[in-house]
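What follows is a set of notes on a single structure, which appears directly below.
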Amino acid sequence: MTTETKPPITKFNLVARLLHWSMAVMVIAQFFIGVTMIAALSYYPLLLAIHRPLGIAILVFAIVRLVNRLTRRLPPFLTTMGPLERRIASYSEYLLYALLLAQPLIGWAMLSAAQSPVVLVGALHLPAIAPHNITLYAALRTAHTVAAYLLFATFTAHICAVLFHTLALRDGILRRMSLWPSRNGQS
Ligand code: HEM
């Protein structure tokens with residue numbers, strides 16, 4: 001019988017890292033598009049035509065990312081993180097995943113309730129996932145704004161924590177998510 005010991009891992013796997021940075025760009029863009037389309041109504045049709053498929057792409061990426069996260073080994077927490085910080089980090093990650101899945105679904109359900117098809121490209125549109133009901137639309141419209149604020153707050157807290165580790169503790173936390181290989185040869 002062979003007792004094969006796996007080498008310790010120091011980084012997230014390549015799929016996780018690619019999804020992390022591509023989703024960061026997509027979600028930041030989505031915030032700007034969402035806020036701008038409400039503030040500058042002359043751009044509303046154009047921005048909404050981008051906002052809908054981008055939101056659905058975020059949903060698909062979030063599902064792939066969650067599956068990858070649940071099925072692959074994770075690097076252990078850094079020793080600079082105490083038990084309380086580790087717990088907060090884990091819960092804030094669950095919250096981020098929950099919001100990244102919920103927000104696009106709320107947007108999709110909201111348009112379904114307004115009987116407005118979610119157009120992806122050209123004539124390609126998604127089926128309705130909620131009944132046509134104007135009261136439901138109003139509730140989901142409010143939920144979309146609340147979830148956007150919550151997502152923005154969680155996202156900002158996440159960036160502040162990473163900046164604190166990188167600039168104050170200098171523990172190299174960003175290397176765990178970097179796209180280029182580490183000095184120890186780990187891809
Ligand atoms: C992570 C994904 C998403 C984020 C971060 C996001 C964010 C936002 C934000 C910040 C607003 C402006 C809210 C306000 O100021 O009240 C907004 C509005 C809107 N979103 Fe999203 N959204 C996402 C996904 C989606 C999806 C998937 C759809 C539909 C398929 C959608 C449909 C809409 C619509 C129709 C509005 C404008 C509603 C109106 O005209 O009053 N969103 N979104």
Side-chain angles (χ1 to χ4, degrees), residues 12-72 88-163 174 177 179:
F12 288 90
N13 65 70
L14 185 62
V15 174
R17 284 179 277 141
L18 287 171
L19 286 169
H20 177 273
W21 293 114
S22 48
M23 284 189 78
V25 173
M26 289 159 83
V27 172
I28 292 169
Q30 187 73 323
F31 279 132
F32 278 108
I33 293 168
V35 171
T36 311
M37 78 187 180
I38 299 298
L41 288 182
S42 49
Y43 293 106
Y44 184 84
L46 170 69
L47 293 178
L48 184 60
I50 302 170
H51 190 81
R52 285 176 309 210
L54 183 57
I56 298 301
I58 291 172
L59 176 63
V60 173
F61 275 47
I63 294 169
V64 175
R65 193 169 167 187
L66 186 62
V67 171
N68 179 64
R69 163 85 199 222
L70 295 173
T71 53
R72 302 286 299 272
I88 293 171
S90 297
Y91 284 130
S92 70
E93 276 182 34
Y94 299 149
L95 184 60
L96 270 174
Y97 274 106
L99 289 168
L100 287 172
L101 293 167
Q103 178 68 337
L105 286 172
I106 294 170
W108 182 359
M110 168 176 101
L111 289 181
S112 304
Q115 219 172 24
S116 167
V118 177
V119 180
L120 294 180
V121 275
L124 184 66
H125 63 267
L126 296 175
I129 56 166
H132 178 215
N133 180 321
I134 210 65
T135 313
L136 179 63
Y137 165 78
L140 291 169
R141 179 65 188 84
T142 305
H144 201 63
T145 302
V146 172
Y149 278 120
L150 206 54
L151 185 56
F152 186 73
T154 317
F155 199 74
T156 306
H158 175 76
I159 292 169
C160 290
V162 172
L163 283 178
L174 266 178
M177 228 6 131
L179 287 174

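Both counts, for ligands and for their atoms, begin at 1 and track the order of listing.
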Which protein non-hydrogen atom lies closest to [atom], naming both residue and atom, and how far is it?
atom: atom 12 (C) of ligand 1; answer: G34 O, 3.4 Å
atom: atom 27 (C) of ligand 1; answer: P104 O, 3.4 Å
atom: atom 40 (O) of ligand 1; answer: Y44 OH, 2.5 Å
atom: atom 17 (C) of ligand 1; answer: H144 CD2, 3.4 Å
atom: atom 15 (O) of ligand 1; answer: I38 CG1, 3.8 Å
atom: atom 34 (C) of ligand 1; answer: M110 CE, 3.3 Å

Does the side chain of [Y] come within less than 4.5 Å of [X]'s, by heavy atoms?
X: R17; Y: L14; result: yes
X: Q115; Y: Y137; result: no
X: F155; Y: I28; result: yes
X: L95; Y: L151; result: no
X: L136; Y: P131; result: yes
X: I58; Y: M23; result: yes
X: F61; Y: L100; result: no
X: V119; Y: L124; result: no

Proximal atoms of ligand 1 relative to [X] (non-hydrogen, under 4.0 Å):
X: L48; answer: 34 (C), 35 (C)
X: M37; answer: 18 (C), 19 (C), 20 (N), 34 (C), 36 (C), 37 (C)
X: T145; answer: 13 (C), 14 (C), 16 (O)
X: V118; answer: 30 (C)
X: A148; answer: 10 (C)
X: W108; answer: 29 (C), 30 (C)

ask   = Take atom OH in Y43; do more than 12 heavy atoms of anything else shown fall under 6.0 Å from it?
value =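 Count not over threshold, so no.
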
task = Assign the ring pair H20 / H158 to parallel, tilted or perpendicular, where the plane angle (0 to 90°) is split at 30° and 60°.
result =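 H20 and H158: tilted rings.
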
inquiry  = Less than 4.0 Å is my threshold; does some heavy atom of F152 fall inside it relative to ligand 1?
reply    =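 For ligand 1, residue contact (heavy atoms, under 4.0 Å) with F152 is absent.
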
task = Please verify whether a non-hydrogen atom of L100 lies at under 4.0 Å from ligand 1.
result =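 Contact absent.
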
ask   = For ligand 1, is any non-hydrogen atom under 4.0 Å from L111's backbone (N, CA, C, O), its side chain (CB onward), both, or neither?
value =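 Answer for L111: side chain.
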
ask   = Looking only at non-hydrogen atoms, which of R141, M26, Q103, Q30 approaches atom 39 (C) of ligand 1 most closely?
value =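 Heavy atom nearest to atom 39 (C) of ligand 1 belongs to R141.
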
Name of whichever N/O/S atom of H51 is nearest to atom 21 (Fe) of ligand 1 =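 Output for this pair reads NE2.
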
message = Can a donor-acceptor pair be found, under 3.5 Å and without considering hydrogens, that links the side chain of H125 to the backbone of A123?
response =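 Yes.
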
